[in-house]
Amino acid sequence: MTMKNSFKKHVTILLIISLIFGFNFLSTPLPAQACLGRTLIMGVAGDSQELLILSKTIEIFVVERTATIIRLKKFENLQAARVALKKKKIDMYIGYSGLEKASNDPKLVAQLVAREMKKKHGKKKKKDSRSFTDKVFDFIKFPVKAPGIISGWLSNVDDWVKGNIKSKLAKNKTKKTVKNKNNKKLVKVRKKGNRSGKDMEMDDPADPLVFLDDFGYESAEAKVKYENIKGVKSLNPAPVSRRTIISGYPLIPRLVKKLKGRFTNEAIKAMKFNVENGEPLKDVVRNFLKQETLI
Amino acid sequence: MIGLTRRLVLLSTLISLLLFSSSCISKDKNTPKNLAPKTIQKDTTWSGKVIIDGLLTIKSGVTLYIKPGTIIKFTKRNKKGDDTKGSRIYSRGRIIAKGTKNKPILFTSNARKKGKGDWGEIKIEYNQGGSLFEYVIVENGFWGLHAHFTRLTVKKSMFRNNTGGLRFRSGPVYLKDNLFTKNYIGVRFLIGNPKIEYNNMINNRTGLFLTQQSETSNIRFNNISNNLEYDLQLGWMQEEDVYIPQNWWGTTDLSKIRKKTFDKDKDSDIGKVFFEPVLNKRVKVYEWKPK
């Protein structure tokens, strides 16, 4: 009997609480997401004037030709924008096609990192018998030594290496040793203490990255910046987004396609010059789009 | 004894919940005078000065009446000049803003130095009750007036210095005797067949923008001229050709009119505009000369 009464009381209280909150909630209509005026967030690598110009171009082009708003969000560098997209904090960014595809392939990133290491430290006298994974993993434990350009990728590699050893770790839950590929040497792995890939999000298979058409020219700026990275096939600026975004905004790839072939390194150089000489970026980009009769 | 304690605890919890929940919709102690509430839940009439800070929503089935001479000021919150976070009105109900020639209603920015996009927009959605804006001035908004699937009449009103003056989808919409000036875009719409007549769309960056599947058979006797870039612009999705006769485009010379038009001539993926017959002189329309 007591139990029943107590149950009734609880139900009554819950009902009252839901009524109070429900009333206030229902009495305030929420703005609906209508067909128009949707906003896309586009990440921009703050350390690249070229990428800023291209991002602004997409922003103005899309805003002036469709009902969609694009808002730019600056990041410290390309890697930060890349991570933000993978974490779904932004909807797209512009990178360099080969580099972006590579950055989404941890195995390739690891190879590039290893190459960089080799380049930096030179050939060793004794042949290092450790596996590739071990070498990379060792390198990750001392990220300070990483060359600037690839330091951003370390988190990718870290995760990749961790992924490789994860299955083996599962067998021994605490402090364990893991055999390398060739069973030649063991690498001690601690669950905690090593640099974690906390700023890394691997591509979501349910919502993978989509590499849109590039702008049709190889970036001189990127060539200088990434010249020491072999294995990256193309340094053409290109937008990267995610599948859900593109299916929600099917116009975006079509509009981006329209921009293909409109830019050259010379055009970018001229636009940079105008911006450096005080002309607002927005005006520089608008003039360019007008000149190309795109708006 | 235990029962009494329990009851007391329950009672105090309920009271605190009530207080907390009501505080969500009550005014802050330091709110400025004339501040509009966050929600309008019953028929309301505004007069004098009203300040809107943040989002004001109007519930479905409710009508907001605005008396002649009322000044509605929106707090400038928005540094980026878009409609997502600025002070704005979102209505599922009707708005009847009926000023007079000598006492127009003013929607403006509360900022000292006013500019385009200081505040968001007056947005009305899914309301077929019929909203009216007459003798109204809308300035410094992102989109001054923005309607979706709403019966809307706008007469003898002025939209100036907004990013966009008036934007809508479907309707029915009737625009007559209005002036759209110094906006980036005067009027923009999609998927609708509005009646737009005897309006001036002048000195905007683009006068009239047709986004998508826009019917233009009832757009006649307007002056759409002297806009900085285009008098008429088709959006990316306006793939159909557009027939928009009997308007004044500032000239009868079709090649000049085409220069101020963004259509198939400039982008092969969109429709072509046909202007003929064009009017051979400016249309006499209501002249707005407010202070």
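The sequence lines fix the lettering, A, B, ..., with proteins before strands; numbering per chain opens at 1. These numbers were taken from a predicted model, which means no experiment stands behind them.
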Checklist entry - Nearest 0.5 Å, what's the OG1-CZ distance between B:Thr211 and A:Arg65? => result 11.0 Å
Item to check | Residues, nucleotides or ligands: over 12 heavy atoms within 6.0 Å of B:Glu239 CD | outcome: yes
Item to check | Interface residues of residues 264-272 of chain B facing chain A - non-hydrogen atoms under 4.5 Å apart | outcome: B:Lys266, B:Asp267, B:Asp269, B:Ile270
Next on the checklist: Is A:Val62 in contact with chain B via its backbone, its side chain, both, or neither, using a 4.5 Å heavy-atom distance?
Outcome noted: neither
Checklist entry - If you take all heavy atoms of A:Glu64 and B:Phe209, which pair is closest and at what distance? => result O-CE1, 3.2 Å
Checklist outcome for this item: So NZ of A:Lys258 and CH2 of B:Trp236: to nearest 0.5 Å the spacing works out to 4.0 Å
Checklist outcome for this item: Contact list (residues 287-295 of chain A to chain B, heavy-atom gap under 4.5 Å, by number) returns A:Lys290, A:Thr293, A:Leu294, A:Ile295
Checklist entry - Would you call B:Tyr184 and A:Val63 a side-chain contact if the rule is heavy atoms closer than 4.5 Å? => result no
Item to check | Region of B:Gln233 that comes under 4.5 Å of a non-hydrogen atom in chain A | outcome: side chain
